[in-house]
Amino acid sequence: MYANDGFRELDRQECLRLLAKVPTGRIVYTRQALPAVLPVNFCLDGDGAVLLTTSAFSQLVSAIDGAVVAFEADEVDAAAHSGWSVVVTGEATVVTDPAEHARLLRAGPRSWASAPHEVFVRIEPELVTGRGLADGRSLYGVPFAP
């Protein structure tokens, strides 16, 4: 990123705080050797892991279980020329522990589409990056030097 591109780099804690504010994001993965992107609803676990739910029979599960993926979420206000974008990169794994699965049924993300045989996918946050912009300034109103 260039120092004068108008965006402010966000630290890990700020990224996780912002992610916790929105209900949807996009998972980026490889499907048949090509990049694929799907919108998903999600939540954050206490350790900052991204959790999503889907059908055990979905093609997504077989494509991402054990793979390194990216997850992106953002919030944009076009009228105010402000917003932020956060990317979490890490390994995705299907939750197989029965106790963990039961916990996530109570407190994890809820699928917007009913899914028989629901499974949870955890993305461990190995790399968390983000950028923010507020009305042509940083998120905190401090203008960038040209």
Side-chain angles (χ1 to χ4, degrees), residues 1-139 144:
M1 177 168 40
Y2 298 99
N4 64 354
D5 69 355
F7 289 90
R8 178 184 177 279
E9 286 188 57
L10 306 174
D11 66 29
R12 183 184 182 99
Q13 287 308 109
E14 180 72 358
C15 287
L16 294 176
R17 185 187 70 74
L18 291 168
L19 278 179
K21 291 175 38 175
V22 296
T24 60
R26 286 156 294 284
I27 186 160
V28 181
Y29 64 102
T30 302
R31 182 177 57 208
Q32 298 176 346
L34 296 171
V37 180
L38 284 177
V40 294
N41 59 304
F42 77 102
C43 72
L44 292 182
D45 211 356
D47 61 358
V50 173
L51 296 168
L52 56 103
T53 184
T54 188
S55 168
F57 307 115
S58 76
Q59 292 180 353
L60 177 64
V61 170
S62 60
I64 66 173
D65 190 23
V68 173
V69 300
F71 176 83
E72 189 271 345
D74 54 43
E75 190 171 71
V76 175
D77 183 335
H81 298 177
S82 65
W84 56 266
S85 174
V86 171
V87 177
V88 174
T89 305
E91 184 176 358
T93 55
V94 172
V95 173
T96 57
D97 177 68
E100 180 71 357
H101 190 269
R103 180 184 76 83
L104 293 175
L105 282 172
R106 290 187 308 276
R110 298 285 168 248
S111 179
W112 288 10
S114 65
H117 306 287
E118 193 170 59
V119 297
F120 294 95
V121 175
R122 173 184 302 278
I123 302 170
E124 290 299 331
E126 296 172 24
L127 179 62
V128 179
T129 60
R131 298 176 1 137
L133 178 73
D135 193 22
R137 300 181 307 272
S138 76
L139 283 177
F144 284 90

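- Residues Gly90 and Ile123 come closest through the heavy atom pair O-CG2, 4.0 Å.
- Listed here is the closest heavy atom pair of Leu19 and Trp84: N-CH2, 4.1 Å.
- Side-chain contact between Glu124 and Thr93: absent, with no pair of heavy atoms (C-beta onward) separated by less than 4.5 Å.
- Within the 4.5 Å cutoff, no side-chain heavy atoms of Leu133 are placed close to those of Arg131.
- The two residues Cys43 and Gly108 have their closest heavy-atom pair at SG-C, 3.9 Å.
- Annotation for Asp47 and Pro125: closest pair O-CG, 4.3 Å, computed over non-hydrogen atoms.
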Under 3.5 Å, sequence neighbours excluded: what are the donor-acceptor pairs made by side chains of residues 20-30?
unit_1, atom_1, unit_2, atom_2, d
Arg26, NE, Glu72, OE1, 2.9
Arg26, NH2, Glu72, OE1, 2.5
Arg26, NH2, Asp74, OD1, 3.3
Arg26, NH2, Asp74, OD2, 2.7
Tyr29, OH, Arg31, NH1, 3.4

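- Contacts of Phe120 classified as ring pair (Phe, Tyr, Trp, His ring centres under 6.0 Å), with partners at least two apart in sequence or in another chain: His101.
- In this structure, Arg110 contributes its side chain and Leu105 its backbone to a donor-acceptor pair below 3.5 Å.
- In terms of heavy atoms, Glu100 sits closest to Asp45 at OE2-OD2, 4.0 Å.
- Side-chain contact check for Val119 versus Thr54: some heavy-atom pair is nearer than 4.5 Å.
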Identify all side-chain donor-acceptor contacts of residues 59-68 below 3.5 Å with residues at least two apart in sequence or on another chain.
unit_1, atom_1, unit_2, atom_2, d
Ser62, OG, Gln59, O, 3.1
Asp65, OD1, Val94, N, 2.9

(message) As a quick check of understanding, evaluate side-chain contact (heavy atoms from CB on, under 4.5 Å) for Val69 and Thr89, giving each step before the final call.
(response) CA-CA 6 Å; Val69 300; Thr89 305; over 6 Å; no

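- Ion pairing between a basic and an acidic side chain is recognised when a charged N comes within 4.0 Å of a carboxylate O; Asp97 and Arg103 show no such pairing.
- The shortest distance between side-chain heavy atoms of Leu44 and Val50 falls below 4.5 Å.
- Contact record, Leu10 with Arg8: CD2-NH1, 3.2 Å, taken as the closest heavy-atom pair.
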